[in-house]
Amino acid sequence: MHTIEMAEHYLIPFYKRTPLVITKGKGCYVWDEKKRRYLDMTSGIAVVNLGHRHPRVVKALQHQAKRIWHISNLFYQKPQTELAEKLVQRSFDGMVFFANSGAEANDGALKIARLWGNKRGKTKVIALQQSFHGRTIATISLTGQEKYKKGFDPLLGEIVFVTPGNIEELRQAWDDTVCAIFLEVIQCEGGVKALSKPFLDEVMRLSREKESLIIIDEVQTGMGRTGTLFGYQQFGIEPDIITLAKGLGNGFPVAAIVVRRPLGKEMPQGMHASTFGGNFLACAVANAVLDTMDESFLNRVQKMSQYFGQQLTELQKKYPAFLLDIRVYGLMIGIDLAKELPVAEVIERFLAKGILTLRAGENTLRLAPPLIIHEKEIQSFIKAFDTLLQEKQGRTA
Ligand code: PMP
């Protein structure tokens with residue numbers, strides 16, 4: 001049986017998949033079983049930030065694979081400890097817990113907030129409408145989009161949702177019983193939309209006044225994606241907790257929770273754990289990822305971001321009726337499309353041209369290319385987009 005037929009038979013049909021069997025990747029490109037090449041403008045949903053099979057990451061994995069893979073967190077492990085140090089050095093004075101996925105990291109962050117809050121009579125959590133934090137029961141409870149929650153009742157209680165950017169609603173929701181606010185500085189699944197500076201300033205002010213924790217989900221915005229190592233670093237906000245996954249392992253499953261030192265020290269032994277969390281292979285890979293993402297790497301991301309933004313602005317001038325709004329945060333890009341141009345159709349047309357793209361929000365095209373992308377690949381994307389829009393214009397004229 002062919003892979004697609006087999007998959008339809010054996011895999012629980014939770015995913016709507018593109019009918020491609022991907023067999024290989026290198027840099028910004030992937031290949032299917034028919035050896036057709038695709039330009040990957042998705043990075044496997046903001047994961048393969050260093051590109052497919054980055055040599056330094058491959059080498060680190062191979063090196064570690066020849067020594068030891070796993071022993072459990074009942075013992076000390078050097079790669080894990082070094083990774084924790086690197087994460088702290090590049091965020092804030094803190095302590096780290098390792099997990100395996102974004103949802104697991106967010107769930108753990110919520111548990112940490114609960115342990116902290118319950119001691120202080122604070123049990124309420126504020127989350128934002130349109131947010132996305134994962135697919136476990138706890139994380140869909142924190143997610144502000146109904147489509148992910150339908151059919152899973154009962155969800156966690158005491159989570160209050162606020163409209164992103166609405167300072168009045170934020171003030172009303174934030175009383176003395178709030179233990180934490182959960183947010184993404186840029187809502188990625190929610191349509192690639194950044195929170196406003198005044199809103200985040202008010203989050204800072206209220207968190208101090210009411211003594212509540214700020215938890216920032218950096219699962220998608222982290223690891224260089226937005227041009228700084230972590231997204232929050234561009235927004236003048238000081239989190240108490242950040243969660244990381246996706247790009248941390250460049251495709252190897254690894255996630256982390258970084259918490260401020262006093263909060264970390266307060267956590268009681270035995271109250272949380274993860275079998276695979278921070279294992280040798282995962283940490284060897286993540287160490288290589290962090291070592292690669294130095295200042296000059298991030299500067300280059302910002303340069304490519306500028307270039308991409310300029311090219312898209314030019315395209316928007318040509319097709320203002322189709323491209324309504326363009327938001328560029330590093331190499332996380334959202335393009336709001338007119339309703340005559342459904343995003344599903346655009347993704348399909350790009351696919352026919354050998355380019356993988358993503359959707360977000362209502363009718364937003366999301367681009368998250370590997371951060372190692374060059375002008376050449378950006379140009380070929382823009383050229384394909386131009387042709388696609390021209391074809392569409394010809395048809396609707
Ligand atoms: N948080 C955010 C912001 C995400 O974008 C995602 C995944 N799209 C998650 C959490 C969940 O991550 P995972 O699928 O690794 O559980």
Side-chain angles (χ1 to χ4, degrees), residues 12 14-17 41-49 97-113 125 127-145 147-149 152 156 159 161 164 180-195 214-226 229-232 234-235 237 239 241-258 274 276-279 282 285-286 289 327 329-334 356-361 364 366-368:
I12 298 176
F14 279 137
Y15 295 108
K16 183 176 189 300
R17 293 178 199 262
M41 299 297 282
T42 77
S43 304
I45 319 189
V47 168
V48 190
N49 288 359
F97 179 87
F98 290 106
N100 309 283
S101 70
E104 192 194 347
N106 284 334
D107 202 318
L110 181 64
K111 283 181 76 182
I112 289 170
V125 174
L128 299 189
Q129 300 285 3
Q130 278 98 55
S131 64
F132 184 86
H133 297 295
R135 299 294 203 116
T136 61
I137 289 288
T139 53
I140 60 171
S141 302
L142 288 166
T143 291
Q145 299 184 55
K147 63 178 177 188
Y148 299 113
K149 305 179 175 218
F152 293 110
L156 296 189
I159 297 169
F161 287 91
I181 182 166
F182 240 97
L183 50 88
E184 304 149 89
V185 283
I186 300 162
Q187 294 189 324
C188 295
E189 299 297 323
V192 190
K193 292 177 185 155
L195 295 176
I214 299 175
I215 304 173
I216 300 192
D217 178 340
E218 290 273 0
V219 169
Q220 197 153 161
T221 51
M223 305 317 293
R225 177 51 54 190
T226 61
L229 189 62
F230 306 119
Y232 82 87
Q234 293 172 53
F235 287 83
I237 188 157
I241 303 179
I242 58 173
T243 56
L244 300 168
K246 290 193 187 274
L248 181 59
N250 208 56
F252 200 97
V254 52
I257 310 169
V258 186
S274 170
F276 291 129
N279 103 345
V285 167
V289 170
R327 295 175 295 281
Y329 309 106
L331 288 170
M332 169 59 65
I333 298 171
L356 310 183
T357 55
L358 289 167
R359 66 177 301 160
T364 302
R366 176 175 33 156
L367 308 173

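As the structure is a prediction and not an experimental result, all values here were calculated from the model. We count ligands from 1, going down the list as the structure has it; atoms in each ligand are counted the same way.
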Considering the heavy atoms of [X], write down every atom of ligand 1 situated less than 4.0 Å from one of them.
X: Asn106; result: 1 (N), 10 (C)
X: Ser101; result: 15 (O), 16 (O)
X: His133; result: 1 (N), 10 (C)
X: Gln220; result: 4 (C), 5 (O), 8 (N)
X: Ala103; result: 11 (C), 12 (O), 13 (P), 16 (O)

> So does Glu218 pair up with Arg225, basic N to acidic O under 4.0 Å?
Replying inline: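 No salt bridge links Glu218 with Arg225.
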> Quick one: does atom 5 (O) of ligand 1 have a protein heavy atom under 4.0 Å from it?
Replying inline: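 Under 4.0 Å from atom 5 (O) of ligand 1, at least one protein heavy atom found.
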When you compare ligand 1 with [X], is there at least one nitrogen or oxygen pair between them that comes in under 3.5 angstrom?
X: Gly134; value: no
X: Glu104; value: no
X: Glu184; value: no

> Can you tell me which residue and heavy atom of the protein come closest to atom 12 (O) of ligand 1, and the distance to 0.1 Å?
Replying inline: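 So the nearest neighbour among protein heavy atoms is Gly102 CA, 3.4 Å.
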> For atom 1 (N) of ligand 1, what is the nearest protein heavy atom, given as residue, atom name and distance?
Replying inline: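 Looking at atom 1 (N) of ligand 1, the protein heavy atom closest to it is Asp217 OD2, 2.7 Å.
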> Where does Glu189 meet ligand 1, judged by heavy-atom distances below 4.0 Å: at the side chain, the backbone, both, or neither?
Replying inline: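 It is the side chain that gets close, since no backbone atom is under 4.0 Å.
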Using modelled atom types and a 3.5 Å cut-off, is there a donor and acceptor pairing between side-chain atoms of [X] and backbone atoms of [Y]?
X: Thr139; Y: Asp107; answer: no
X: Glu184; Y: Phe132; answer: yes
X: Thr243; Y: Ile257; answer: no
X: Arg366; Y: Gly334; answer: no
X: Lys246; Y: Ile45; answer: yes
X: Gln187; Y: Gln129; answer: yes
X: Ser43; Y: Ala368; answer: yes

>> As a quick check of understanding, evaluate side chain to side chain contact (heavy atoms under 4.5 Å, CB included) for Leu142 and Ile159, giving each step before the final call.
In response: CA-CA 7 Å; Leu142 288 166; Ile159 297 169; 4.0 Å; yes
>> When you measure from the heavy atoms of Lys246 to every atom of ligand 1, does any distance fall below 4.0 Å?
In response: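 Yes; Lys246 lies near enough to ligand 1 that a heavy-atom distance drops under 4.0 Å.
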>> Any atom of ligand 1 sitting under 4.0 Å from a heavy atom of Ile45?
In response: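 Not so, Ile45 does not reach ligand 1.
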